[in-house]
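Down below is the structure, laid out as structure tokens.
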Amino acid sequence: MSSLYVPHKAIIHQVIEESPDTKTFRFKLADEKLHKEFDFKPGQFCEFSVFGEGESTFCISSSPTRKEFLDCSVKKVGKVTETIHKLRKGHTIGFRGPYGNHFPVDELKGKNLIFVGGGIGLAPLRSLIQYVIDKREDYGKITILYGARSVADLCYERDLKKWYKAPDTDLILTVDPGGETPEWAGKIGFVPTILEEINPSKENAKVITCGPPIMIKFTIQALERMGFNPEDIITTLEMKMKCGIGKCGRCNIGHIYVCKHGPVFTYAQIKELPQEF
Amino acid sequence: MELILKKEKLKEFLEQLSKNYEIIAPVKEGELINFKSVKDFTKVVMTYQKSIKSPKEFLFPQCEELYKYKFSGKDVEIKPAEVEKKPKAIVGIHPCDAVAIKILDKLFGWDYKDELYFERRNNTLLISITCNTPDWSCFCTSVEGTPYDADGTDIHFTDTGETYYIEGKSEKGKQILQDNNNLFTEAKKEDKDKVEKIKKEIMEQVPVKFDIKKVTENMDCIFDSKLWDRISVKCIHCGACAYLCPTCHCFDINDEGNYEEGKRIRCWDACMFGHFTKMAGGHNPREDEKTRYRQRIFHKFNYYIKNFDTISCVGCGRCIAECPAGMDLVKTLQLIEKGAEHE
């Protein structure tokens, strides 16, 4: 009997509009015992099903320290995500996971953490940010730089307000030039530019970055100029996935399967991969 | 355990076997040889030149259901797929196709054990036969195989002309031979000698075409070679190579049905198709034939070694014999053997 590809039933509890094209789906596994026992680490991903439409791969954007619900944030980009956006409270979905590796939460202990996120790329970072805030004494200073195309495209407004007030935590928000509103009090400029402007110290620091590929590319270039080691830059890679468990054969970059060896990699590891992603 | 079965007794042996197993065997369909579920054992063609498809599909079907779903109100009932219960015997599998199954085992057992595959796998008896009719496209001897050594099967046949020379290989295979010992006679020294002579003769029919060690050594420094532009240009992305390959395992997962009821299925897919790696946002890391063909070759002769300690090619030659555009894997590997400097 197959169980590997058979999802658990999950019930949508809340749908949060994050931006004009992104929603967060907050859900619970239908089997209460299973939901209670379900565990994962920040950075892991899942397969999210709409029965009759198919499965899509999303990171779990909530933290395992907040177990009441699981969150997946979904940007509308294709057929399945369009259907997902029609889901409402009470709808039943399918859930498989967690899959993949995770952010090195133990290795990060005692380090100053610099989060650099762009757009919906904040989703995997949010899981880790919530995690380190909930275990605040284990980690050093937190700097969060988050940007989006426009003010309306900034996700997780509720979290941003909390992070702003979190102890020993700096939150810097920026929008691309032209994306500001008259009331906008944050920065204006692309994420990599603002990163160099705020120039966080590389001493005892690790950077965790995620966003559009172009942002990651220029962020890494900026970090290298600032003297960060490739080993201290952590990001997540995205490739098309179907099975999530290393069988269907499409998410490889060289012999590395993003679904199994990843999705979390250091820039030092990424530099060793064939440039085919 | 070496035995002799007279050819006229094959039917009786298969009849005995069919009491416990569904018999899957090569039969002639028009000009083609295909593995089929057989009930009329006179139709079985044990000595044949390459079946059009390998019998891979009896362990990993081209399309299979993963589960059914059905909504009643807001709740959904999910019914996982069940694998057919009756054991199968794949009879007359060539050594190349048998070795391919061992290669597939590694992938389907990689950390997450694919139950659908292994339920069938563990419920399938493999009866191999020495391939004494290799064709021009065969190159098993170049990829560390032979036309007679079917590692991992339960019983092995060799056609010696009037009789089959039979070796019991696994415990299960030996037991089956034991249970039917009235059909066999003990093999004699001259039978064994005859088989050795046949082996030698067919080895000569499948000359080594390249040095696989050299090929795999050269792979790591050939990724960025211009070679790929040149050799991939003929490819028409039909995917025939992947669909006929006994070791290709890539698949897609989709829903068939509507929002009320239906099923989730997985079907073979191919790295030669443009949509294979195309992401929802439109980005495609392997968007042309060059990157896709390179992926195919690297997957088989580099990535698979790194993950599973074996190449993922058994030299069956189907991808060469059946490619409508005349792509030739052996020629590609010969170019790689020479190294990037010959590009």
Side-chain angles (χ1 to χ4, degrees), chain A residues 1-9 11-12 30 47 49-57 74-83 86 88 90-94 99 212-213 237-257 259-261 274-277, chain B residues 64-67 69-71 74-76 78-83 107-108 110-117 119 223-224 248-255 257-262 264 266 269 271 275-286 291 294-295 298-299 302-307:
Chain A
M1 192 174 90
S2 93
S3 61
L4 208 48
Y5 303 95
V6 177
H8 299 303
K9 284 192 275 184
I11 314 291
I12 303 279
E47 293 295 333
S49 299
V50 179
F51 300 104
E53 192 63 64
E55 272 180 328
S56 278
T57 309
V74 179
K75 185 171 169 170
K76 194 157 72 174
V77 286
K79 205 167 119 263
V80 181
T81 49
E82 203 174 302
T83 311
K86 291 178 186 152
R88 299 284 175 265
H91 280 159
T92 304
I93 56 144
Y99 299 128
L237 289 179
E238 221 179 291
M239 290 284 277
K240 181 161 178 173
M241 290 182 195
K242 280 286 181 169
C243 71
I245 49 178
K247 316 260 183 252
C248 78
R250 71 197 68 225
C251 72
N252 70 297
I253 303 169
H255 76 286
I256 297 297
Y257 280 72
C259 71
K260 270 182 61 58
H261 302 98
Q275 295 305 297
E276 197 182 72
F277 52 91
Chain B
E64 74 180 307
E65 182 187 312
L66 299 172
Y67 60 86
Y69 61 88
K70 189 175 183 181
F71 275 91
K74 278 186 176 173
D75 194 26
V76 64
I78 300 173
K79 209 172 148 215
E82 302 268 352
V83 163
L107 181 278
F108 283 113
W110 196 22
D111 294 349
Y112 297 89
K113 205 167 171 184
D114 194 295
E115 302 113 319
L116 292 171
Y117 175 84
E119 273 181 45
F223 189 85
D224 293 315
C248 273
H249 60 75
C250 293
F251 59 82
D252 197 2
I253 299 177
N254 280 303
D255 284 8
N258 53 36
Y259 298 136
E260 299 297 317
E261 66 179 304
R264 182 151 296 168
R266 75 163 162 194
D269 204 347
C271 57
H275 68 254
F276 188 65
T277 47
K278 192 175 174 188
M279 293 166 71
H283 175 61
N284 191 348
R286 297 197 279 266
T291 48
R294 181 173 64 187
Q295 159 67 17
F298 264 82
H299 188 203
N302 184 269
Y303 307 155
Y304 217 84
I305 303 175
K306 286 177 176 164
N307 287 324

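By convention in this document, chain letters (A, B, ...) are assigned in the order of the sequence lines, proteins followed by strands, and residues within each chain are numbered from 1.
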- B:Tyr304 portion near chain A, given a 4.5 angstrom heavy-atom threshold: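 Answer is neither: B:Tyr304 stays 4.5 Å or more from chain A.
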
- Which portion of B:Phe223 sits near chain A, non-hydrogen atoms under 4.5 angstrom: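 It is the side chain, since no backbone atom gets that close.
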
- Query: Relative to chain B, which of A:Ile245, A:Val80, A:Thr92 shows the most heavy atom pairs under 4.5 Å?
  - Reply: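 Max contact count across the listed options: A:Ile245.
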
- Give the member of A:Cys248, A:Ser49, A:Gly249 that has the highest number of heavy-atom pairs under 4.5 Å with chain B.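 That would be A:Cys248.
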
- Task: Tell me yes or no: between the side chains of B:Gln295 and A:Asn252, is some donor less than 3.5 Å from an acceptor?
- Result: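 Judged by distance alone, the side chains do pair up.
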
- Does a donor on one side chain and an acceptor on the other come within less than 3.5 Å for A:Tyr5 and B:Asp114?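 Distance-only check passes for A:Tyr5 and B:Asp114.
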
- Query: Is it the side chain or the backbone of A:Pro7 that comes within 4.5 Å of chain B heavy atoms, both, or neither?
  - Reply: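 Contact with chain B: backbone and side chain both.
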
- Using non-hydrogen atoms and a 4.5 Å limit, figure out which bit of A:Thr81 sits close to chain B: side chain, backbone, both or neither.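 Neither; nothing under 4.5 Å.
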
Roughly how far apart are [X] [atom1] and [Y] [atom2], rounded to 0.5 Å?
{"X": "A:Glu53", "Y": "B:Arg264", "atom1": "CD", "atom2": "CZ", "value": "10.0 Å"}
{"X": "A:Lys260", "Y": "B:Asn307", "atom1": "NZ", "atom2": "CG", "value": "8.5 Å"}
{"X": "A:Leu4", "Y": "B:Glu115", "atom1": "CG", "atom2": "CD", "value": "5.0 Å"}
{"X": "A:Glu55", "Y": "B:Leu66", "atom1": "CD", "atom2": "CG", "value": "8.5 Å"}
{"X": "B:Lys278", "Y": "A:Lys240", "atom1": "NZ", "atom2": "NZ", "value": "9.0 Å"}
{"X": "B:Met279", "Y": "A:Arg250", "atom1": "CE", "atom2": "CZ", "value": "12.0 Å"}

- Taking all non-hydrogen atoms of both residues into account, name the closest pair between B:Pro80 and A:Val6 and its distance.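 In this case the closest contact between B:Pro80 and A:Val6 is CB-CG2, 4.0 Å.
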
- Message: Pair B:Ile78, A:His8 - check side chain to side chain contact (heavy atoms under 4.5 Å, CB included), show working.
- Response: CA-CA 9 Å; B:Ile78 300 173; A:His8 299 303; over 6 Å; no

- Message: Taking B:Asp269 first and then A:Lys242, would you say they form a salt bridge - that is, a charged N and a carboxylate O separated by under 4.0 Å?
- Response: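 No salt bridge links B:Asp269 with A:Lys242.
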
- Below 4.5 Å, heavy atoms only, C-beta onward: do A:Cys243 and B:Phe251 meet side chain to side chain?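 When only atoms from C-beta onward are counted, B:Phe251 and A:Cys243 do touch, with a gap below 4.5 Å.
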
- Message: Taking every non-hydrogen pair under 4.5 Å, which of B:Lys306, B:Lys113, B:His283 racks up the most with chain A?
- Response: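 That would be B:Lys306.
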
- Task: Look at atom CD of A:Glu238 and say whether more than 12 heavy atoms of other residues, nucleotides or ligands are closer to it than 6.0 Å.
- Result: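 At most 12 heavy atoms, drawn from other residues, nucleotides or ligands, come within 6.0 Å of this atom.
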
- Is a donor on one side and an acceptor on the other found under 3.5 Å between the side chain of A:Lys247 and the backbone of B:Cys250?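 The answer is no, because no donor-acceptor pair under 3.5 Å joins these two groups.
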
- Steps toward side chain to side chain contact (heavy atoms under 4.5 Å, CB included) verdict (A:Thr83, B:Tyr259): CA-CA 11 Å; A:Thr83 311; B:Tyr259 298 136; 3.5 Å; yes

- Query: Taking the six-membered ring for Trp, are B:Tyr69 and A:Phe51 parallel (under 30°), tilted (30 to 60°) or perpendicular (over 60°)?
  - Reply: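 Ring orientation, 0 to 90° scale: tilted.
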
